[in-house]
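Working notes for the structure below.
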Amino acid sequence: MRWLGLDWDEGPEVGGPHGPYLQSERGDIYRDVLARLAESSYTYECYCTTEEVDARRKASGSKVMGYDGFCRDLTEEQVAAFRTLGRQPVVRFRMPEGSITWNDLVRGEITFETQYVPDFALCRANGDPLYTLVNPVDDAMMEITHVLRGEDLLSSTPRQIPLHAALIELGIGKVMPEFGHLPFVMGEGNKKLSKRDPESHLFLYRDQGFLPEGLLNYLALLGWAIAADRDVFSMEEMVEAFDIKDVNPNPARFDLKKAEAINSAHMRLLSIDQITDRALPFLKDAGVLTDPVSPADTQLLELAMPLVAERINKLTESVDMLGFLFIDEESFTRDEADVEKLLNDDGRAVVRRSLDALERLGEWSAGAIQAALQAELVEGMGIKPRNAFGPVRVAVTGRRVSPPLFESMELLGRERSLARLRSALV
RNA sequence: GCCCCGUUCGUCUAGCGGCCCAGGACGCUGGCCUCUCACGCCGGAAGCACGGGUUCGAAUCCCGUACGGGGUACCA
């Protein structure tokens with residue numbers, strides 16, 4: 001979350017007035033709440049085993065799963081009898097009669113008949129509090145006003161609303177929160193993206209060279225739109241325009257291609273210097289640059305970055321684009337497929353002529369190199385520019401895809417450029 | 001099984017009864033630009049799940065059906 005530029009005002013690591021924020025430190029609080037709930041008969045002890053509940057449901061033919069309220073009104077004698085059997089009770093919440101309705105922030109009015117939501121357990125027989133208790137209690141005591149969460153929790157809402165009402169009644173909570181249930185984000189195909197899926201790992205995208213603002217922008221687009229005809233925006237613009245009521249209730253599929261497109265739009269919003277800064281860690285990791293970067297390389301990088309900044313969509317692509325400039329001649333290699341394709345006999349002939357022309361060249365500048373090669377290859381040999389410069393490009397940069405050729409050769413320098421042309425002929 | 005939620009181009013969406021024989025974006029595709037790639041520009045194909053209502057008029061409201069998803073624990 002921090003990587004995306006998302007932070008929190010209150011909670012673990014940052015503190016706040018409603019602590020402690022770790023559930024492990026809140027045991028006493030839950031025990032106390034449980035006691036007060038019991039005192040006011042919002043809850044009751046239940047001694048049933050799951051087998052007994054199942055058996056009873058089978059016998060009654062009820063279609064409703066879950067607990068049947070058997071222990072709601074146990075007499076003291078019955079309780080004593082269970083106790084002598086050595087049974088420890090769980091505590092259940094007494095669901096009210098009728099129905100629970102709330103106005104969901106993203107889905108509108110939703111109603112559940114309480115006959116379909118059984119009395120639920122708040123703690124284990126050993127006294128450990130359950131999520132069903134802990135979640136509303138924490139929200140109530142921290143004065144949460146809006147609960148926005150995944151739609152998987154939609155059906156737990158009719159349990160939480162009456163519990164919240166009870167907590168308010170007891171003075172433990174102050175406000176009934178508003179609820180909004182957000183759609184899922186699905187992966188490829190139609191499967192739900194779980195936290196365990198590699199696809200759902202933020203760092204995977206970060207390591208692929210995504211910009212945090214790019215990914216954030218894309219993610220915001222899943223289920224929401226800033227305007228009918230726009231989809232690139234900053235976090236500030238999003239904060240300004242966002243309203244939970246505009247969120248779509250239906251699930252969205254994660255589309256890597258679109259995520260990349262949005263990301264590259266953000267890439268183009270950055271200055272050359274900013275892209276350089278962001279790409280630096282990737283270049284160092286890949287071994288293109290040393291850490292710290294030498295003064296000579298820093299200077300070279302400054303000259304080279306304007307050539308590549310506009311043609312990369314992700315930070316990692318800078319590695320392939322710039323590698324050839326910084327590598328020493330002994331370690332320089334070429335992409336085999338590209339060599340096979342472009343440095344065939346025809347290609348080598350082109351490189352040969354280029355070498356001749358460039359060896360004679362006086363001024364080593366992009367303009368002069370271009371003029372010389374244009375004259376030698378295009379006019380001299382009568383071949384098309386794209387066929388003429390392809391082999392030279394592979395010879396010098398090692399790849400079919402590179403920054404502009406002539407500028408690249410200028411930056412590489414005369415000696416290294418000529419050396420690479422020669423080695424391509426061996 | 002029962003309860004709840006959802007369904008507009010392949011994908012993400014705009015649309016809240018007439019402005020829609022449905023708009024944008026990504027992707028796909030034809031072309032332009034061009035030393036490769038990328039950018040940029042111009043064009044194209046592609047969608048209201050289905051069936052009934054309501055209405056002068058429905059993608060928009062209502063009801064069914066189908067399909068998808070979630071829940072149904074002494075999990076969270």
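In this text, all values refer to a predicted model and were calculated from it rather than measured experimentally. Chain identifiers are assigned alphabetically (A, B, ...) following the order of the sequence lines, protein sequences preceding nucleic acid strands; residue numbering begins at 1 within each chain.
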Just wondering, do [Y] and [X] contact through their side chains at under 4.5 Å, heavy atoms?
X        : Y        : answer
A:Tyr21  : A:Glu10  : yes
A:Val147 : A:Thr157 : no
A:Arg420 : A:Phe324 : yes
A:Cys48  : A:Arg56  : yes

In whole Å, what is the span from the [atom1] atom of [X] to the [atom2] atom of [N]?
X        : N      : atom1 : atom2 : answer
A:Glu310 : B:rC37 : CD    : P     : 15 Å
A:Asn250 : B:rC5  : CG    : P     : 14 Å
A:Gln160 : B:rA76 : CD    : P     : 12 Å
A:His266 : B:rC26 : NE2   : P     : 13 Å
A:Ile383 : B:rC35 : CD1   : C1'   : 12 Å
A:Lys58  : B:rG1  : NZ    : P     : 18 Å
A:Asp231 : B:rA14 : CG    : C1'   : 12 Å

Between [options], spot the one nearest the side chain of [X], thanks.
X        : options                : result
A:Leu154 : B:rG1, B:rG6, B:rC4    : B:rC4
A:Tyr116 : B:rC74, B:rC2, B:rC5   : B:rC2
A:Ala225 : B:rU13, B:rC74, B:rC4  : B:rU13
A:Phe112 : B:rC4, B:rU13, B:rC26  : B:rC4
A:Lys257 : B:rC74, B:rG27, B:rC35 : B:rG27
A:Gln370 : B:rU13, B:rG70, B:rC35 : B:rC35
A:Leu405 : B:rC35, B:rG71, B:rA14 : B:rC35
A:Met321 : B:rC37, B:rU7, B:rG70  : B:rC37
A:Arg268 : B:rC12, B:rA73, B:rG40 : B:rG40
A:Arg393 : B:rC35, B:rA38, B:rA25 : B:rC35

Using the [atom1] atom in both, what is the distance from [N] to [M], to the nearest Å?
N      : M      : atom1 : result
B:rG43 : B:rG24 : P     : 11 Å
B:rC33 : B:rA22 : P     : 33 Å
B:rU60 : B:rU7  : C1'   : 14 Å
B:rC67 : B:rG51 : C1'   : 15 Å
B:rG68 : B:rC61 : P     : 24 Å
B:rA76 : B:rG70 : C1'   : 14 Å
B:rC4  : B:rU65 : P     : 13 Å
B:rC19 : B:rA25 : C1'   : 22 Å

With a 4.0 Å limit, can you tell me whether [X] has a side-chain N or O closer than that to the phosphate oxygens OP1/OP2 of [N]?
X        : N      : answer
A:Arg159 : B:rG71 : no
A:Arg386 : B:rU36 : yes
A:Arg253 : B:rC12 : yes
A:Asn248 : B:rU8  : no

* Check step by step if salt bridge (charged side-chain N to carboxylate O under 4.0 Å, His left out) holds for A:Arg422 and A:Glu359. => CA-CA 11 Å; A:Arg422 280 187 207 104; A:Glu359 277 175 332; 3.0 Å; yes
Within the structure shown, what part of the strands sits under 4.0 Å from [X] by heavy-atom distance: base, sugar-phosphate, or nothing?
X        : result
A:Gly66  : sugar-phosphate
A:Ala121 : sugar-phosphate
A:Leu153 : base
A:Tyr67  : nothing
A:Glu407 : base
A:Gly150 : nothing
A:Pro404 : base

Identify the nucleotide, in any strand shown, that forms a Watson-Crick or G-U wobble pair with [N], with both distances under 3.5 Å; if there is none, say none.
N      : answer
B:rC21 : none
B:rU55 : none
B:rG40 : B:rC32
B:rU7  : B:rA66

Subject >> Parallel, tilted or perpendicular, as decided by the 30° and 60° cut-offs, for the rings of A:Trp102 and A:His181 >> reply: perpendicular
By nearest-nucleotide position on RNA chain B, the 5'-leaning member of A:Asn313 and A:Val64 is A:Val64
Contacts of A:Arg311 and A:Thr132 projected onto RNA chain B by closest heavy atom; the upstream (5') one is A:Arg311
Quiz item: Can you tell me if CD on A:Glu76 sees more than 12 non-hydrogen neighbours from other groups inside 6.0 Å?
Solution: no
Check your understanding: Which is it for A:Lys341 and A:Asp338 under the salt bridge (charged side-chain N to carboxylate O under 4.0 Å, His left out) test, yes or no, and what are the steps along the way?
Key -> CA-CA 5 Å; A:Lys341 203 157 189 178; A:Asp338 290 351; over 6 Å; no
Please assess A:Arg360 against A:Glu376 for the test salt bridge (charged side-chain N to carboxylate O under 4.0 Å, His left out), listing each intermediate value before the final yes or no. CA-CA 12 Å; A:Arg360 295 193 303 265; A:Glu376 185 71 21; 3.6 Å; yes
